[in-house]
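Each chain gets a letter, A, B and so on, in the order the sequences are listed, and its residues count up from 1.
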4 protein chains.
Amino acid sequence: MSMPARLTGVIPPVCTPMTPDGDVDTHSLLRLVDHLTGAGVSGLFLLGSTSEVAFLTDRGRRTVVETVTAHLDGSVPVLAGAIDMTTPRVLDHARTALAGGADAVVATVPFYTRTHPAEIERHFRLLRERTGAPVLAYDLPDAVQTKLDPDLVLALAADGVLAGIKDSSGDQAALREIITAGISGFSVLTGSELLVDTALLMGADGVVPGLGNVDPHGYVRLTRLCAAGDWERARSEQERLLALFPMVDVGSAERMGRGSASIGAFKAALRLRGVIDHATTAEPQIPLSDEEVGRVAGYLKAAGLL
Amino acid sequence: MSMPARLTGVIPPVCTPMTPDGDVDTHSLLRLVDHLTGAGVSGLFLLGSTSEVAFLTDRGRRTVVETVTAHLDGSVPVLAGAIDMTTPRVLDHARTALAGGADAVVATVPFYTRTHPAEIERHFRLLRERTGAPVLAYDLPDAVQTKLDPDLVLALAADGVLAGIKDSSGDQAALREIITAGISGFSVLTGSELLVDTALLMGADGVVPGLGNVDPHGYVRLTRLCAAGDWERARSEQERLLALFPMVDVGSAERMGRGSASIGAFKAALRLRGVIDHATTAEPQIPLSDEEVGRVAGYLKAAGLL
Amino acid sequence: MSMPARLTGVIPPVCTPMTPDGDVDTHSLLRLVDHLTGAGVSGLFLLGSTSEVAFLTDRGRRTVVETVTAHLDGSVPVLAGAIDMTTPRVLDHARTALAGGADAVVATVPFYTRTHPAEIERHFRLLRERTGAPVLAYDLPDAVQTKLDPDLVLALAADGVLAGIKDSSGDQAALREIITAGISGFSVLTGSELLVDTALLMGADGVVPGLGNVDPHGYVRLTRLCAAGDWERARSEQERLLALFPMVDVGSAERMGRGSASIGAFKAALRLRGVIDHATTAEPQIPLSDEEVGRVAGYLKAAGLL
Amino acid sequence: MSMPARLTGVIPPVCTPMTPDGDVDTHSLLRLVDHLTGAGVSGLFLLGSTSEVAFLTDRGRRTVVETVTAHLDGSVPVLAGAIDMTTPRVLDHARTALAGGADAVVATVPFYTRTHPAEIERHFRLLRERTGAPVLAYDLPDAVQTKLDPDLVLALAADGVLAGIKDSSGDQAALREIITAGISGFSVLTGSELLVDTALLMGADGVVPGLGNVDPHGYVRLTRLCAAGDWERARSEQERLLALFPMVDVGSAERMGRGSASIGAFKAALRLRGVIDHATTAEPQIPLSDEEVGRVAGYLKAAGLL
């Protein structure tokens, strides 16, 4: 599928199921994809942070993209993260993803190295020039330490360098500045899964919710209620999802990082719901204990998902 | 060469010369290696931050290691950075570097992802187990946001998991805690190029100075004066190098990041000294202007290096 | 006035007008208070960050509270910031403010010192016990480096220790967690002046907008539209205020800090609108230039406020 | 006493003993002062972070200065912290301290508010102009979030605005830049109590060690060995103090902040050594448990101090 002029609705960041050995579990991956598309999502975001892109080898990344695009056959657009430290390395990932069938690439600002607005601008311009593909900026300061400047985003959008943004910065005021500029052909997607109704009230185009792996139907309902202007029922749906979200905190902060806990909870939930075969997460992440998995199950039951 | 029981002296993080197209300039790289070994350095650290490892593609990284190890033929030990976000990706780089002839690998804690001490420990243990090679920890919180805990370093050192540390944290008190523990077979290297005399007074084994690319003779003299206990003359030599260091700030902070400025200055100096052919830095870094290169030359002249 | 069970509507953080010598300009302060109450605000927040509380001497702080409470004579509730580093110092400020007629005090977590959740809890419990007055927590991590944990806030609210929160953290997901808990007798106020409609959609009680000094009528209209469930017109009003807000950035970032720029802009706007006599800000803040004040005037004209 | 042209030797940041009710325990304070001066310290720094200045009320601060200066009667110079958020408030503290007999004031950059180099410069210039007294800059980014720029420090030193600096930033390279500039009449003091020998090797003038409350004799010996150029024995003395320092970590990080733990340990040690009557720390700090105090005693015994 080629990219639509504007991405809307729910575009979940697809978890990457793994075998107990840590390889990509392609069977489970395709069941997950069907689970998502069957719920009515309007696109898929592969190789994002929720997909454990930071942990996947180059081979694993390629497998994910090729497996999914071959299966989908163009039914919904596929975005692929090209996540690495700087332009030359991001370009390598972007080319592989595009060759594998992705419709667009998603890239952060440079990280690990100390960067600068002029370098960030150059980075995105080079990505666009050298791939020729739609490029979305991924604003994720928790991971890359640099908040994307809304003014730079808007300048790059107006120049046709950026086709969109996935905003996971949590900075709703900056997001609003981007939304209200109303750049044509530029898609504004929020990654803040607990603020979907408010983002759509502000005018955001779509949502990329990690929790959407677990309850894609809920997020699809939520975006449709917003599109219909039914803000009261939208709020209720959002609050239902809000009550489900604390599953990401069941993993003990004394034993593991917040990444291990949240990815571990999503995968545990997907396994409990029968979507994937194993809840394995990549090294060096720490697995949830049985007791913690039991608490994930409790959240699912309370939400009527188990 | 196999690794010595303890690394000492000067082990510079070797700059990666590039052609104007951004490829590794292997001819210049070997001239730089000869420039360093000719000055009496006791090892080389390839693919560190000063080597622009964050910018090098996988192919470029392999070229650097293979070019240098083939040339050296074991005369000094070669350390290679295996710099990536998490264990599976670091392992891929480590295996390639070791296959290419490196004697040891240097790795940071996980980054991009939110990590935890238990995950950091697991990360280094897996690197050691799965490579079988000497692993040095690279403490670089400016790049990876997490300061290595000295207690964890010492535990991993005592267990034989870590063969050493390259400390670029700037935290001299934490460094001292590691040094004074005096773990046998564990090398403590400081990356703080302006604090070599004081690190060696504390008992550090060696130094990994970025500025050592530009003036390796100075750093070799400095470590020898320290080894001889001549702290007054060591201080004078260190102060001479301190006066040379501000070359890293000639690049305008309004136009570029501090990485562009410092790597740009080192490469400009190496070109001015006739060691390498081009001062090209990798994308998306911003090049020094002619006026700024002129100021680098001024520093070299003042130091008697041009 | 005694405190209402729940604070709602617009409770602006009142700027502190100063004479050219830096003393509190009580005449201008009372004109500003009349400007705000005349617009229909439902309370006043004195001695907040927008009030330059960090710059006011103890004498200046006392003057502000006593001047305003004597003038108002109980017509709207008066909240007063008791802003200092730790419990004993905050208690001194709180007692002075309450003696001066304030109805409630607003306090941050400890700062300057390295703090801990157990110390934060003890801090608020002691403030409540030793003043006997309503205490609101002021969540302002930009100033105090520590984000208030929503779980702690809710526990203190449920215990009757906290009467409310002024959330200026920008973290809308955490704010939503507090709101949806729905603690009785606990007021949730947002300080995010560009996200009022979305905060009220989520269920927040009221808003503490710095920009409300400049356009209190706009904020009162906005909260009334939200209360009426007219989210489309609320969004339009919010977007109008969004367009006014960039006045806080006219002060050159090369010459001054963001505090100087934002407070300077608010005071320049109030002087231009004839509400206060001088735009003086406290030392060591840098004043806006005439050209920058001219740009503030441009924003006011564009918004129909001049 | 008037200030010497250059401060040298050991100038401990004096702990503030408190009664169980949290008032300044003046009897214990004077015993502590005698303990310090008897050991040969060359000055006293009152109202620093180690003195719990952030917790002391205005009255408590005044009591500390007046009590100590009346007792000393000019035998050693007395520096007093004037610690508050901005210029007007710092000036109030500075005037009180000078009126109370302090010989110089020590001030940080503005905090709580977002600051800027131009404002920091203005801050120190105003402090100097309006007090007429010697002003030392206190570089403590952990508390105030802003690292003092060495170039600004040197410019203010050269202009006679600053009489010295107390560097607790931990940034030894920046400290070295200031030291090597060699500004006449400007005293460079390090607050890094584990890096005294190396700081003095670099050329620092003196040291302000929190641990010097517990073992002033050790620090006096250490600085004398350095002054004599006996770097080997200096290192041994420093390593002995290094082994004593972990007492600051006996307080459980699960129960308390690092401030509570370190101040609590110093006060427990002083009480165990019979210098002060109570180990009380100010609210809302968490006290050490009996078991933790027992571990402090263990460190003292191991060091021959009990």
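Of the two parts of E52(C), neither the backbone nor the side chain holds a non-hydrogen atom closer than 4.5 Å to a non-hydrogen atom of chain D. Contact of I83(D) with chain C is made through backbone and side chain together, with heavy-atom distances under 4.5 Å. Within the 4.5 angstrom heavy-atom criterion, atoms from both the backbone and the side chain of T57(C) approach chain D. Residue R59(D) does not touch chain C at all, counting heavy-atom pairs closer than 4.5 Å. Only the backbone of E254(D) comes within less than 4.5 Å of a heavy atom in chain C; its side chain stays farther off. Heavy-atom distances place the side chain of L126(C), and not its backbone, under 4.5 Å from chain D. In this structure, the portions of P88(C) lying under 4.5 Å from any heavy atom of chain D include both its backbone and its side chain. Heavy atoms closer than 4.5 Å to chain D are found in the side chain of Q145(C), but not in its backbone.
Heavy atoms of other residues, nucleotides or ligands lying less than 6.0 angstrom from CD of E291(C) number more than 12.
In terms of heavy atoms, S49(D) sits closest to Y112(C) at OG-OH, 3.1 Å. Residues D84(C) and R89(D) share a closest heavy-atom pair of OD2-NH2, 3.4 Å.
Proximity of D92(D) to D58(C): side-chain heavy atoms (C-beta onward) are nowhere separated by under 4.5 Å. With a 4.5 Å cut-off on side-chain heavy atoms, F124(D) and P284(C) do not count as touching.
Looking only at heavy-atom pairs under 4.5 Å with chain D, the residue among A118(C), G259(C), P110(C) that has the most is G259(C). Each of L140(C), V144(C), T86(C), L56(C) has some count of heavy-atom pairs under 4.5 Å with chain D, and the biggest count is that of T86(C).
The OG atom of S260(D) sits 8.5 Å away from atom NE2 of H116(C), with the distance rounded to the nearest 0.5 Å. With values rounded to the nearest 0.5 angstrom, T113(D) atom OG1 is found 5.5 Å from Q285(C) atom CD. A distance of 12.0 Å separates CE in M256(C) from OG1 in T115(D), rounded to the nearest 0.5 Å. Atom CG of residue D142(C) and atom CZ of residue R114(D) lie 6.5 Å apart, to the nearest 0.5 angstrom.
Put simply, the side chain of E119(C) gets close to the backbone of G257(D): a donor and an acceptor are under 3.5 Å apart.
Between F111(D) and F111(C), the two ring planes are perpendicular [angle over 60°; tilted spans 30° to 60°].
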